[in-house]
Amino acid sequence: MDSVFEELYQKYHHDVFQFLFYMVRNKEHAEDLVQEVYIRVFKSYDRFEGKSSEKTWLFSIARNVAIDFFRKQKGWKEKILEKFDWSTNHVRDEYPIPEEITVQKEEIKWIYKCLEFCTMDQRAVIILRYLQDLSIAETAKALGWTESKVKTTQHRSLKILKKQMEMSYEKEGVTSEKVGVER
């Protein structure tokens, strides 16, 4: 069990941390929640049936840990919207030039700012689909939803993001023809 647990941790701890960080928007809380995820994994690994990938199973546990965290918070919806430290974003490009890093960081900040207008479920779908690169089926398993619900939630959250991005561009004097959100 120790070697299996160690392997799971080494393979997925960064992805689990990143997911929780984007959900709770606080590094310290995310670190605590990652520990809670792995405590639950350790306690329940013998019940893992292998019906989904281990990564999907971990994200399912992480989502439930995040939900439990928010339930314990007073006024959790308001706290979700205000808890993101923009200075700690990670850029995924392995070899960007400095100018690209600056542009990427600004784009990431802008997208995450627009995510504030999405519900927690919509945000979870966007994070799992586009940041963690899970498929529709994997996302559905991680969230305990049907694939149809994931697609609908994704569609709605992309609509919200597009609208918020267009409004942001218009405030900055850029026309809406230049705005594009991909599916």
Side-chain angles (χ1 to χ4, degrees), residues 1-71 80 83-96 100-101 104-105 107-116 118-147 149-151 153-154 157-158 161 182-183:
M1 178 58 194
D2 287 342
S3 64
V4 172
F5 183 79
E6 178 76 23
E7 183 181 333
L8 277 177
Y9 183 81
Q10 291 301 323
K11 231 175 174 180
Y12 301 116
H13 79 277
H14 179 65
D15 291 337
V16 171
F17 170 79
Q18 196 173 36
F19 172 77
L20 289 167
F21 177 73
Y22 292 138
M23 292 299 290
V24 300
R25 301 176 156 215
N26 178 287
K27 183 180 176 191
E28 290 77 23
H29 289 308
E31 289 169 347
D32 291 342
L33 295 177
V34 167
Q35 288 181 357
E36 177 62 29
V37 167
Y38 283 100
I39 288 169
R40 291 186 187 185
V41 166
F42 191 75
K43 289 180 178 178
S44 64
Y45 190 77
D46 59 327
R47 292 190 308 264
F48 176 61
E49 298 174 355
K51 292 181 180 177
S52 64
S53 72
E54 290 173 330
K55 184 175 183 178
T56 302
W57 180 62
L58 281 170
F59 281 126
S60 177
I61 293 170
R63 177 181 177 267
N64 290 331
V65 166
I67 288 170
D68 291 347
F69 170 80
F70 288 126
R71 285 183 180 149
I80 291 174
K83 287 190 170 188
F84 191 78
D85 181 5
W86 295 110
S87 64
T88 59
N89 282 328
H90 296 287
V91 179
R92 289 184 169 230
D93 192 356
E94 288 183 47
Y95 305 106
E100 290 175 330
I101 291 172
Q104 286 174 344
K105 283 186 176 184
E107 288 174 350
I108 289 169
K109 287 180 188 177
W110 182 52
I111 290 169
Y112 284 112
K113 189 73 172 162
C114 292
L115 269 176
E116 291 179 4
C118 293
T119 66
M120 189 172 85
D121 284 346
Q122 291 168 337
R123 191 176 300 139
V125 168
I126 294 298
I127 292 167
L128 291 173
R129 291 279 294 128
Y130 296 103
L131 296 176
Q132 299 299 330
D133 296 322
L134 294 185
S135 68
I136 297 276
E138 291 171 324
T139 302
K141 285 189 187 242
L143 298 175
W145 296 354
T146 64
E147 289 183 25
K149 183 173 180 179
V150 170
K151 290 176 186 177
T153 304
Q154 176 180 308
S157 53
L158 289 174
L161 286 175
E182 296 179 21
R183 293 182 190 208

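Across all their heavy atoms, Thr56 and Ser53 have their closest contact at OG1-OG, 2.9 Å. A pairwise comparison of heavy atoms in Gln10 and His13 identifies O-ND1, 3.8 Å as the closest pair. Nearest approach of Leu20 to Ala62, heavy atoms of both residues: CD2-O, 3.4 Å. Pairing each heavy atom of Phe59 with each of Ala142, the nearest pair is CB-CB, 3.8 Å. Phe48 and Glu54 get closest at one heavy-atom pair: CE2-CG, 3.8 Å. Here the closest heavy-atom approach between residue Ala124 and residue Leu143 is recorded as CB-CD2, 4.3 Å.
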If you apply the rule side chain to side chain contact (heavy atoms under 4.5 Å, CB included), what do you find for Ile136 with Arg129, and how did you get there? CA-CA 7 Å; Ile136 297 276; Arg129 291 279 294 128; 3.5 Å; yes
Step by step, work out the side chain to side chain contact (heavy atoms under 4.5 Å, CB included) result for Val34 and Tyr38. CA-CA 6 Å; Val34 167; Tyr38 283 100; 3.8 Å; yes
Apply the test side chain to side chain donor-acceptor pair (under 3.5 Å) to residues Gln132 and Tyr12: give CA-CA distance (whole Å), side-chain angles for both, the deciding distance (0.1 Å), then the verdict. CA-CA 11 Å; Gln132 299 299 330; Tyr12 301 116; over 6 Å; no
Take Glu31 and Phe21 through the side chain to side chain contact (heavy atoms under 4.5 Å, CB included) test and state the conclusion after the steps. CA-CA 8 Å; Glu31 289 169 347; Phe21 177 73; over 6 Å; no
Just do the side chain to side chain contact (heavy atoms under 4.5 Å, CB included) check on Val16 and Leu33 with the steps written out, would you? CA-CA 9 Å; Val16 171; Leu33 295 177; over 6 Å; no
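In this structure, Glu147 CD and Glu138 CD are separated by 10.5 Å, a value rounded to the nearest 0.5 Å. Note that CZ of Arg71 and CD1 of Ile67 are 6.0 Å apart. Values are rounded to the nearest 0.5 Å. Atoms CZ and CG, on Arg123 and Leu161 in that order, are 10.0 Å from each other to the nearest 0.5 Å.
The closest side-chain heavy-atom distance from Lys11 to Leu58 is not below 4.5 Å. Considering only heavy atoms from C-beta on, Gln154 stays 4.5 Å or farther from Thr139 through its side chain.
Not a single donor-acceptor pair under 3.5 Å links the side chain of Ser44 to the backbone N or O of Arg47. Checking side-chain atoms of Lys141 against main-chain N and O of Lys51 turns up a donor-acceptor pair under 3.5 Å.
Of the listed residues (Val37, Ile127, Leu128, Asp121), just one forms a side-chain contact (heavy atoms from CB on, under 4.5 Å) with Arg63, and that residue is Asp121.
Counted within 6.0 Å of OH on Tyr9, heavy atoms from surrounding residues, nucleotides or ligands total 12 or fewer; the atom is thus considered open.
Taking the six-membered ring where tryptophan is involved, the planes of Phe69 and His29 are tilted, since the angle between them lies from 30° to 60°.
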